[in-house]
Structures are given as structure tokens and as C-alpha cells.
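I have placed the structure first, in the form of C-alpha cells, so that the comments after it can refer back to it.
As the structure is a prediction and not an experimental result, all values here were calculated from the model. Every chain is numbered from 1 and lettered A, B, ... according to where its sequence line falls, protein lines coming before strand lines.
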Amino acid sequence: MKIGYPCVNWSIGCTSNKKFRIKSFSEEKFNSTVKNNLECLDKIVDYNIEHNLLFLRISSETIPFASHDICKIDWQNNFKKELEQIGKKLKQNNFRVSMHPGQFTVINSPNEEVVRKSISELQYHSDFLNLLQVDNTAKIQIHVGGVYGNKDAAIERFIKVYNSTPKEIKDRLAIENDDKHYSVDDCMIIFNKTEIPIILDNFHLECLNNGESLLEAYNLIENTWGKDHGVPMLDYSSQQPSARIGKHADHIDIQHFKEFMKIMKGKDADIIFEIKDKERSVLEAKKYL
DNA sequence: CCATGTCAAGGTCAC
DNA sequence: GTGACCTTGACATGG
């Protein structure tokens, strides 16, 4: 079991998320920002080696505007060496990585332009992971998307667009059950037609389910991870007390986590802690484990 | 220099 | 039809 946190480390004094306004886009600004972000990503990797946190979600903002029409810069070649070196370090230390494009990546949208931009965004993620030279156990995690008043049709659109993407994208995609619209059962419908692996999010499951328990949900998604995909990825979090339902906790609720681990006992999965204080909570979880 | 308005992108829901 | 929310900090403008 590998554990980790998403994108940002608050302890090391830099972020691999640095960005700038589109109005100030220039080659120089782009290059200096990417350089900063990759140097910081390297530091995050070092930190994680030191603390034995070997599952890392890499920020989608590492290469700002990478998929935007404004970006004509050949970052793939310009930063090839840096990415290769980070990738080598990942491999030497037996890391697993993932990326999670944001809410604007919606491949089942009825709007063709939205779909085009979404695929372009997936291509960027795929390029990035390919340049790290990580295998297909490194996943690009997305949500199914919108419902548009007809979930069956929306699921059909998802499958159709998924099938139309290049193999390198298909091989890396994974879908996650969300907290409002697409449950584990909905994801399973998609899996049955695409074999796309499913990332189980325990907190989203608490928010939206069809009566299945955590264990039942896990047993459903476990077999969606074929041998080339690696062991299942899980997102772990819990409700932030006295906040909107669905709001992720600021800090780990260790009691909740103990219950979670009791249920997951003996299961082999890699877990990302979607908790706001990031490495701090993960280290606490690790201490417990 | 500092305060604060604003930031590429979509979808859903409350009103 | 419009605006808040997700998430969210930090960029960058203008006083």
C-alpha cells in the first residue's frame, strides 16, 4: 500500500503550481514558471522519498496553459531532460503517480468545443506522463462529467468520446465516483463497456450511493483494475465538521480513518488523502498505519 | 509598497 | 435568466 497527497506540499517552501495571468503570457514567463514548477516538483519528490510517501498526485498546473490554444511553445522538447530526470527518480524509488485534470475537463459535454478542449487537456496530461516515462499504472483521473437532464445519454456520450481518443489516453484514463451525479454503479456501467478502471472515493460514496457499503463498493471496483493498471487507487477523505455537505476536511479525522482502515484491512490499494493540510495529515495517517 | 479585485476553462442548483 | 458554488491561492493592477 502506497499513500500520498495531492499536488501541494506546505512544508517545503515552494509549489509546483505557480501560474500567471493569460494576459501576461509570454515565452519568457512561461519558461521561467515551468522551470520553477519542475524544480519544485523535484523537491516534492525528495520530500516524499524521505518520508516514504510513494503515491503522488502531480499538479495539473505544472505546465500552465499547456493545452490552451495560446501556447505554441514546444515544452515537451524544451523540458524533456528535466522531466526525464524526475521520472528516473520516481522509478528508482518505486513511486506511483497520478494526475487529476480539473472541473473543466468534461468529455461528455454536448458542446463540441468543450469536448475538443477537454481532449486537448488529456493529451497534455498524457504527454507529461509519457515524458516522465512512467508506465500505465500512472493514471489520469477524471469525473464522468455532466448529466444534462439525461444520464443514459450522457453516459453514452462519455463512452463514445472515450472510444475516439488515442490509445495512449485510453490506457491512462480512470474515472472516479463523484459526490453528486455519478455513483459507483454508474461508473460500473461505463466500465462494463470500456474496461476503464474506477477510482473509489470513500467520501463521495458517503455522499452518493445506492446502498452499497464501502466494502461492497471496493469489491465492485477492485476487478476494474486489470494487471496493466496496477492495484486500485483510492481517494480518502471525510466531511469537514459544520461545513457544507461534501466539503473535504481541513485535517484528518483519525477516528474516521481508523474505521476506514478496519474495513479496508487486507486490501491492496494506493491511497491519496484529499485533505486540505496535505502532507501533515498523511504523516499522521502513516504514524497510525 | 500594499490592498484587493480578479483569474482559461463547465455544470448544477437555488432563486 | 442570473449568480453562487466547487476550490483557492496568489497574481497583478492601481492607488
Side-chain angles (χ1 to χ4, degrees), chain A residues 5-26 28-37 40-41 44 57-73 75 99-125 140-155 157-158 161 175-183 186 201 203-204 206-208 235 237-240 242-251 272-281:
Chain A
Y5 55 91
C7 309
V8 173
N9 179 308
W10 296 117
S11 307
I12 60 176
C14 70
T15 75
S16 61
N17 274 337
K18 194 173 161 63
K19 53 178 177 261
F20 52 87
R21 298 285 202 267
I22 197 166
K23 268 199 284 187
S24 55
F25 191 98
S26 69
E28 195 192 356
K29 189 108 187 166
F30 177 87
N31 286 331
S32 65
T33 305
V34 172
K35 184 169 177 288
N36 169 85
N37 289 349
C40 185
L41 175 58
I44 292 174
R57 183 186 295 168
I58 296 171
S59 171
S60 291
E61 295 178 294
T62 307
I63 315 286
F65 303 108
S67 75
H68 194 281
D69 293 341
I70 199 173
C71 182
K72 309 289 187 206
I73 298 167
W75 61 269
M99 297 179 86
H100 191 349
Q103 62 199 322
F104 304 108
T105 302
V106 187
I107 70 169
N108 76 345
S109 172
N111 180 332
E112 275 181 30
E113 186 62 9
V114 172
V115 175
R116 181 187 72 81
K117 287 185 195 163
S118 296
I119 292 174
S120 173
E121 180 74 352
L122 294 178
Q123 187 64 55
Y124 147 57
H125 285 77
I140 302 169
Q141 169 178 359
I142 59 173
H143 293 282
V144 178
V147 174
Y148 313 95
N150 183 344
K151 195 185 267 185
D152 291 343
I155 286 176
R157 263 198 318 279
F158 180 97
V161 173
I175 51 174
E176 171 194 359
N177 63 304
D178 69 64
D179 61 339
K180 290 212 175 73
H181 306 294
Y182 289 94
S183 64
D186 294 326
D201 183 312
F203 181 37
H204 292 167
E206 286 176 22
C207 298
L208 176 71
D235 284 346
S237 63
S238 61
Q239 173 69 36
Q240 170 66 12
S242 66
R244 170 191 63 84
I245 295 296
K247 167 107 173 130
H248 292 221
D250 289 346
H251 184 69
I272 287 284
F273 288 73
E274 290 191 320
I275 298 182
K276 206 175 163 192
D277 65 1
K278 311 284 178 180
E279 77 282 359
R280 204 179 134 219
S281 281

Whole-Å gap separating [atom2] ([N]) and [atom1] ([X]):
X         : N       : atom1 : atom2 : answer
Lys278(A) : dT7(C)  : NZ    : P     : 11 Å
Phe65(A)  : dA8(B)  : CZ    : P     : 5 Å
Glu274(A) : dT7(C)  : CD    : P     : 9 Å
Ile142(A) : dG10(B) : CD1   : P     : 16 Å
Asn9(A)   : dG9(C)  : CG    : P     : 16 Å
Lys18(A)  : dT8(C)  : NZ    : P     : 19 Å
Phe25(A)  : dA8(B)  : CZ    : P     : 12 Å
Lys247(A) : dT7(C)  : NZ    : C1'   : 7 Å

Inset, instruction - Step through it carefully: locate the ring centre of His143(A), locate the ring centre of Tyr182(A), and say whether they are under 6.0 Å apart. - result: no
[X] side chain near [N] phosphate (N/O to OP1/OP2, under 4.0 Å):
X         : N       : value
Ser24(A)  : dA12(C) : yes
Ser109(A) : dG11(B) : yes
Lys29(A)  : dA12(C) : yes

Inset, instruction - Using a 4.5 Å cut-off on heavy atoms from C-beta on, say whether the side chain of Ser60(A) contacts that of His125(A). - result: yes
Legend entry - Residue pair Ser183(A) / Asn177(A), side-chain heavy-atom distance below 4.5 Å: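 Ser183(A) does not reach Asn177(A) side chain to side chain.
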[N] versus [M] - spacing of their [atom1] atoms, nearest Å:
N       : M       : atom1 : answer
dT4(B)  : dT7(C)  : P     : 26 Å
dT12(B) : dG9(C)  : C1'   : 24 Å
dA8(B)  : dT13(C) : P     : 11 Å
dA4(C)  : dT6(B)  : P     : 12 Å
dT8(C)  : dG5(B)  : P     : 22 Å

I need the minimum non-hydrogen distance between [X] and [Y], along with the two atoms involved.
X         : Y         : answer
Val106(A) : Ser118(A) : N-OG, 2.9 Å
His248(A) : Gln240(A) : O-CB, 3.4 Å
His181(A) : Lys151(A) : O-NZ, 2.7 Å

Inset, instruction - Indicate the ring-plane relationship of Phe65(A) and Phe20(A), choosing parallel, tilted or perpendicular according to the 30° and 60° boundaries. - result: tilted
Inset, instruction - Spell out, as yes or no, whether a donor-acceptor pair under 3.5 Å connects the side chain of Asp235(A) to the backbone of Asp201(A). - result: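 Flag not set: sc Asp235(A) to bb Asp201(A) has no pair under 3.5 Å.
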Legend entry - Residue whose nearest DNA chain C nucleotide is more 5′ - Lys23(A) or Thr15(A):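 Its nucleotide being nearer the 5' end, the pick is Thr15(A).
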Just compare [options] and give me whichever is closest to any side-chain atom of [X].
X         : options                  : value
Arg21(A)  : dC13(B), dA9(B), dA10(C) : dA10(C)
Val114(A) : dC11(C), dG9(C), dG10(B) : dG10(B)
Lys276(A) : dG11(B), dA9(B), dT8(C)  : dT8(C)
Gln103(A) : dC6(C), dC11(C), dA9(B)  : dC6(C)

Inset, instruction - Using both pair distances under 3.5 Å as the test, note the stems of at least 3 consecutive Watson-Crick or G-U pairs that include DNA chain B. - result: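 Only these stems qualify: B:1-7 with C:9-15, B:10-15 with C:1-6.
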Inset, instruction - Evaluate whether the aromatic ring of Phe104(A) and the six-membered ring of the dG10(B) base sit under 5.5 Å apart, centre to centre, with an inclination under 30°. - result: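 Phe104(A) ring does not meet the centre or angle cut-off for dG10(B); no stack.
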Inset, instruction - Please list residues of residues 145-155 of chain A whose heavy atoms come under 4.0 Å from any atom in DNA chain C, ordered by number; otherwise none. - result: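 Per residue number, the list is empty: none.
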Inset, instruction - Would you tell me whether Glu279(A) and Ser11(A) have side-chain atoms, one donor and one acceptor, within less than 3.5 Å of each other? - result: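 Looking only at side-chain atoms, Ser11(A) and Glu279(A) do form a donor-acceptor pair, the distance falling under 3.5 Å.
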Legend entry - Residue pair Asn36(A) / Thr33(A), side-chain donor-acceptor N/O under 3.5 Å: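 No.
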Inset, instruction - Using the test disulfide bond (SG atoms under 2.5 Å apart), find all partners of Cys40(A) that sit at least two apart in sequence or belong to another chain. - result: Cys14(A)
